Structures are given as structure tokens and as C-alpha cells.
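For clarity, every value in this text was computed on a predicted model and none was experimentally measured.
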Amino acid sequence: MNQTKARFLLSAVFIARGTSFLFSKTLMQNLFPTSVLAVRFLMAFTILACIFHKKLIRCSRASLRGGILLGVLYTVCMFFEMFGLRLIESGVSALIENMAIVLVPVLAAVLSRSLPRAKTMICALVAVVGVGFLSLTQRGGAHSGLGIFLILMAAVTYAICIMTTEKVSRGADPLTVGAVQLGTMGVLSLVVTLALGEFSLPQSGTQWGMMLMLVLVCSCFGFAFQPLGQKYLRAEEAAVLTVLNPFTASIMGILIAGESVGVAKVTGYILILAALVFYNLPEKGKERTRR
């Protein structure tokens with residue numbers, strides 16, 4: 001696979017993942033957040049295990065370790081996302097969480113003990129101001145402040161997941177890593193759900209339909225194929241494509257869930273999306289090279 005095909009694959013992955021916000025929020029009207037995650041990821045792992053059973057049987061230590069590590073990190077990220085998503089709108093949640101695009105280079109700079117580029121800092125500042133405007137639109141909820149905080153924590157852990165996926169996917173089989181990752185997420189979510197005594201299954205055909213969308217589109221495809229795409233791209237390049245995630249979630253939230261659109265929300269959307277797009281603009285005379 002070349003870099004162009006990898007970009008197309010990751011674009012499709014992030015669009016698929018963007019649909020998960022509305023489906024998850026709707027399911028949480030009747031199911032506990034960790035119960036949704038447990039059913040979703042265990043079903044997804046079962047399907048992938050049937051398809052790629054030969055790969056899993058021959059799973060290398062690198063693939064196993066990488067899948068488990070990503071599974072743990074993404075479980076933390078998903079817990080933040082789901083509990084935050086219960087408290088604020090799906091489109092707002094997706095947009096804030098995908099600030100990971102500017103958090104990745106900031107975290108990379110911190111780890112390398114160097115200063116982020118001026119362009120990165122400007123984009124991060126604009127995105128933070130955008131979050132401020134979005135927070136104004138969520139004042140009606142009793143726990144909207146907590147919801148925004150949880151989604152911000154999801155953004156931080158998501159950035160860590162993107163960076164870790166880049167490292168893990170290059171030293172192992174990416175599809176095996178993705179399958180093990182989903183299995184790990186399913187088991188950890190189930191353990192937490194059973195410990196809290198909150199396990200339950202969807203009860204209606206509509207709920208099962210949404211769950212199957214989460215399983216097949218958002219998990220089997222969305223999660224499992226991300227390591228494959230990132231194997232051929234840098235973490236920063238993959239982070240740029242995450243802009244498709246909030247676009248998808250925001251459009252679905254407005255058109256399907258009837259989420260409101262006001263001046264403050266539009267301003268927040270424009271600021272954050274502008275930061276994401278501006279960060280992706282190539283610099284004159286410079287071309288990003290693959291590390």
C-alpha cells in the first residue's frame with residue numbers, strides 16, 4: 001500500500017468513526033456507557049476473529065503486545081468519550097475530541113523536549129478559543145461543564161493513541177493489532193460493566209440496528225483498519241485526516257438528531273475547523289518528510 005491509498009483508507013476510517021457519536025449517544029438513552037462498549041467491541045472482535053483467525057493464531061509477540069497496549073489506551077479514551085457524550089451534544093463532542101490534530105505535535109514536542117512550531121501553537125490557541133465558544137452553547141445542561149472536561153480528556157488520550165498507533169503498527173501486523181485491540185477493549189469494558197452491575201443488551205430492533213452499525217462500520221472497519229493506514233503515514237499526517245470525523249458527526253447531529261445551530265456554536269465550529277485546516281496547509285519552500 002502506498003501513501004495515497006493509506007490516506008484514502010484513513011479518510012474512510014475517520015468518516016466511519018464519525019458516525020459513532022450519534023449512534024452511541026442514542027443507545028445510551030437505554031444502556032449504560034460501558035455496557036455499550038462491551039457489547040460493541042466483543043461483537044466486533046468475534047467477527048474479526050472469524051475472518052482473520054489464521055492471522056490471530058500466528059500472532060507475533062509484537063502484534064499481541066501492540067494490540068493490548070492500544071486496547072488499554074483506547075479503552076481509557078472511550079470511557080472519557082462515552083461519559084462526556086452523555087452530557088453534551090454529539091457534534092460538539094466530536095469537534096472537541098478531534099482537537100487531537102493539534103495536540104499530537106504539541107505532545108511530540110514535549111516528549112522531544114523542544115518547542116512546538118509557531119504554526120502549531122497558533123492552531124492550538126485558535127482551537128481552544130473555539131472550545132470556549134462551544135462551551136457557551138452547552139450551558140443549558142446541569143453537567144455540561146463536566147461533559148466538556150471529559151471530552152477534552154478524551155482528546156488528550158486520543159492524541160496519545162494516535163502517536164502510539166504509529167509506533168506499534170510499524171513493527172507488527174496491523175490487522176492483527178487492530179483485532180487484538182478490539183478484543184482488549186471489549187474485555188476491559190465488560191469487566192468494568194460487570195463490576196458495576198450495569199450489563200444489559202439492546203432491547204429493540206432499532207437499538208440492535210444502531211449497535212450493528214457501531215460494530216460493523218465504526219469498529220470492524222473504523223478501528224481495525226486504522227493501524228493498517230497509519231503504517232504508511234506519520235502520526236501528524238494521520239491526525240490531520242481526523243477533521244473528517246467531526247465533520248461527519250456534526251452533520252449527522254444537526255440533520256438527524258436536530259441539534260441546535262446558533263451564533264456561538266457556528267463560531268466555535270469555524271474556529272476549530274479553521275485551526276485544523278490551517279495546520280494542514282503546506283509551508284512554502286518546505287515539504288514534510290517521512291521520519
[Y] side chain reached by [X] side chain, heavy atoms, under 4.5 Å:
| X | Y | value |
| --- | --- | --- |
| Pro202 | Met210 | no |
| Phe21 | Glu81 | yes |
| Leu9 | Phe221 | yes |
| Pro33 | Phe79 | no |
| Tyr74 | Leu182 | no |
| Val36 | Leu214 | yes |
| Leu27 | Met211 | yes |
| Leu56 | Val180 | yes |

Test Val177 against Thr165 for side-chain contact (heavy atoms from CB on, under 4.5 Å), laying out the working first. CA-CA 9 Å; Val177 169; Thr165 300; over 6 Å; no
Under 3.5 Å donor-acceptor, [X] side chain and [Y] backbone:
| X | Y | value |
| --- | --- | --- |
| Ser189 | Gly186 | no |
| Ser63 | Asp173 | yes |
| Ser93 | Leu85 | no |
| Lys25 | Ile88 | yes |
| Ser219 | Phe41 | no |

I need the [X] [atom1] to [Y] [atom2] distance, nearest 0.5 Å.
| X | Y | atom1 | atom2 | answer |
| --- | --- | --- | --- | --- |
| Met78 | Arg40 | CE | CZ | 4.5 Å |
| Leu48 | Phe45 | CG | CZ | 8.5 Å |
| Met153 | Ile151 | CE | CD1 | 11.5 Å |
| Ser24 | Arg86 | OG | CZ | 12.5 Å |
| Leu73 | Met163 | CG | CE | 11.5 Å |
| Leu190 | Thr34 | CG | OG1 | 9.0 Å |

Ignoring hydrogens, what is the shortest heavy-atom contact between [X] and [Y]? Give both atom names and the distance.
| X | Y | result |
| --- | --- | --- |
| Thr157 | Val76 | CG2-CG1, 4.1 Å |
| Gly71 | Met185 | O-CG, 3.4 Å |
| Leu188 | Thr75 | CD1-OG1, 3.7 Å |
| Val39 | Ser200 | CG2-O, 4.1 Å |
| Gly67 | Thr184 | O-OG1, 4.0 Å |

Asn30 and Gln207 side chains, donor-acceptor separation under 3.5 Å: yes
Sorted by chain and residue number, the side chain to side chain donor-acceptor pair (under 3.5 Å) partners of Ser20 (sequence neighbours excluded) come out as none
Taken in chain and number order and not counting sequence neighbours, the residues that satisfy ring-ring contact (aromatic ring centres under 6.0 Å, His included) with Phe83 are Phe32
Treat each ILVMFWY residue as a node, draw an edge where side-chain heavy atoms are under 4.5 Å apart, and state whether Leu175 and Phe8 are in one component. no
Can you tell me if Phe199 has over 12 outside heavy atoms packed within less than 6.0 Å of its CZ? yes
